[in-house]
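Report on the following structure.
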2 protein chains.
Amino acid sequence: MSTPSVSPIDLARLRRSCADCSLAQLCLPAGIDRGDLGRLDELVKKRRPVARGDRLYRAGDPLGAVFVASEGSFKTVVVSESGEEHVLGFHLPGELFGLDAVGTGRHRCEAVALEDARVCELPFASLAQVAGQLPSLQRQLLRVMGQSADRDHDLVEVLSRRQACERIALFLQGLSDRYRRIGQPGEEFSLPMSREEIGRHLGLALETVSRGFSRLHEDGIIEVRGRRVRILDPQALRAQTQGCEADMARARARGGRA
Amino acid sequence: MSTPSVSPIDLARLRRSCADCSLAQLCLPAGIDRGDLGRLDELVKKRRPVARGDRLYRAGDPLGAVFVASEGSFKTVVVSESGEEHVLGFHLPGELFGLDAVGTGRHRCEAVALEDARVCELPFASLAQVAGQLPSLQRQLLRVMGQSADRDHDLVEVLSRRQACERIALFLQGLSDRYRRIGQPGEEFSLPMSREEIGRHLGLALETVSRGFSRLHEDGIIEVRGRRVRILDPQALRAQTQGCEADMARARARGGRA
DNA sequence: CGTCGACTTGACTAAAATCAAACCCGGTGG
DNA sequence: CCACCGGGTTTGATTTTAGTCAAGTCGACG
């Protein structure tokens, strides 16, 4: 599954419909019956290609559409007045983003492709309108917004950890779960983002991120080579998530419990 | 219970309707015409009293209702497996909370009254159902969910600040704005939460919070006595928000530097 | 007036930021 | 094929910052 060598056949299939999309169950269409899906299908601009570094929207832009990464990953970032940027989130295929404008009508952050990618684009106004007519879509839209809030929520949980290694472990854990959800191996994946971006996401210096990775490596919990990551001991990773004391506790308990 | 002296007249007025509520413009009814408001009115359990420390819901509870603080403040907290708690947010009168269950159908955090308070309670299922019939309510519901996400967003921004004093300044700034929005003076207010709770919100030790307040006090930016806060120099507070270098820059710009 | 809890302050310690230097690897061009 | 970039990454030494532990202080309330 390298970057798309887009044959005409592929192209045709790509534009087909949400119903045929491999991500459908993770995306907005989940739980919407095939009949109603047609309505949704009509409004989606499907699988538009986006080059690495391209911005889908900028802070201040009026709410136009929400997006689903269909191939490749994105980041959403806020740039503070002082110029430094914080990465609010990373968005893997099947994940919806761009909802940050729903509150005020204007985007608060900008969305950037981390690699050459594709997005599906849904004009928000039409989406909301159709949702008013299709209860199943409304339900799903609310759920998706909720899930998006849950992800922010997760980030808060990460950032509230004091120890750098906890944040990093939690970050890897989260990525692993999310990769697994989209049908890719959760134990081995390659990071679409740089150490610096991870740092800007976790509120850590990039060196600290690197050291964290190295530390987890030394401890035999993960294997890292550049952006390639393999999780060797998921349980231990989870333990790191709970802080080092918890880690100790686990080590102690190792004799007694499975 | 024994909160404010509730005369029969008050009681009658309190139960009246959303249309008459002083918070209506901040709350769900905003932008909904009077006719439709009746529909909403029917489902709201209005101004139920809640004692300090009471929980409106716990983590794991199924999504039943969303809440609006109508009097007094609340906090939402997540308790990690290791027992420590993090305060996700504080909720002032007119602010809606409890949406954290929309994504999964179960609450991820618990909501606790910080003081004797009152809440309006909206059964979520009915709300969603009525929203399907009233486009204006649907729009408003989406907007309110978006605003709630924006607040999470703000918290992320706070937590991503490295300097403790930046976090604290941003926190006070935010509170000030929010108090102003609900028609209370933004320059002088009293904190409904303890230093410890602020710490658990900002990811800081309570001592650090206290020191931060003291520092801002010394610098003549705020006045603090216990939970009473007055903002003396809003501009300087804003500067603190941007980090100490920005602060320095401002000091220099003041005309004359040592 | 004494007690208790919340808050402040101080001294010390642990952790991460910063500064600075190597290192590794994919790509380029000789 | 190999030398040589250059970005991203790792690692080391030092400094800064916030956490921790431990006294005190303040203030509300019985």
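A note on names: the letters A, B, ... follow the listed sequences, proteins ahead of strands, and every chain is numbered from 1. Being a predicted model, the structure only gives us computed values, none of them experimental.
- For L216(A) and dT10(D), the CG to C1' distance is 15 Å, given to the nearest whole Å.
- Distance CD1 (I198(B)) to P (dA6(C)): 13 Å, rounded to an integer number of Å.
- A salt bridge is absent between R181(B) and D177(B): the closest approach of a Lys/Arg side-chain nitrogen to an acidic carboxylate oxygen does not fall below 4.0 angstrom.
- Under the rule for a salt bridge (Lys or Arg N to Asp or Glu O under 4.0 Å), E115(A) has no partner lying at least two apart in sequence or in another chain.
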Expected string for nucleotides 11-25 of chain C under the B/S/- scheme (protein heavy atoms, under 4.0 Å, primed atoms plus P, OP1, OP2 as sugar-phosphate) is B----SSBB-----S
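- Checked against salt bridge (Lys or Arg N to Asp or Glu O under 4.0 Å), R228(A) has the following partners two or more places apart in sequence or in another chain: E188(A).
- Rounded to an integer number of Å, the gap from CD1 of I168(A) to P of dT10(D) is 11 Å.
- Look at K75(A) and E85(A) and you find a salt bridge, because one of the NZ, NE, NH1 or NH2 atoms lies within 4.0 Å of a carboxylate O, short of that distance.
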Every protein N/O lying under 3.5 Å from an N/O of nucleotides 28-30 of chain D:
none

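- R211(B) is linked by a side chain to side chain donor-acceptor pair (under 3.5 Å) to nothing, counting only residues two or more places apart in sequence or in another chain.
- Spacing between atom CD of E196(A) and atom P of dG6(D) amounts to 19 Å, rounded to whole angstrom units.
- Judged as a side chain to side chain donor-acceptor pair (under 3.5 Å), and not counting sequence neighbours, E207(A) has no contacts.
- For the pair R52(A) CZ and dG7(D) C1', the interatomic distance rounds to 11 Å; values are reported in whole Å.
- The salt bridge (Lys or Arg N to Asp or Glu O under 4.0 Å) search around D152(B) returns none, not counting sequence neighbours.
- Straight-line distance from the CZ atom of R195(B) to the P atom of dC26(D): 15 Å, rounded to whole Å.
- Over its full length, the helix from dC1(C)-dG30(D) to dG30(C)-dC1(D) turns its helical axis through 20°, comparing axes from the five pairs at each end and rounding to 10°.
- F189(B) pairs by the ring-ring contact (aromatic ring centres under 6.0 Å, His included) definition with Y179(B), not counting sequence neighbours.
- For H201(B), the ring-ring contact (aromatic ring centres under 6.0 Å, His included) partners are F90(B), F171(B), not counting sequence neighbours.
- R227(A) pairs by the salt bridge (Lys or Arg N to Asp or Glu O under 4.0 Å) definition with nothing, not counting sequence neighbours.
- Between the CZ atom of R228(B) and the C1' atom of dG27(D) there is a distance of 16 Å, rounded to whole Å.
- Contacts of S210(A) with the nucleic acid, taken as non-hydrogen atoms under 4.0 Å apart, include base atoms.
- With sequence neighbours excluded, the residues that form a side-chain contact (heavy atoms from CB on, under 4.5 Å) with R238(B) are Q173(B).
- In this structure, E84(B) atom CD and dG19(D) atom P are separated by 13 Å, rounded to whole Å.
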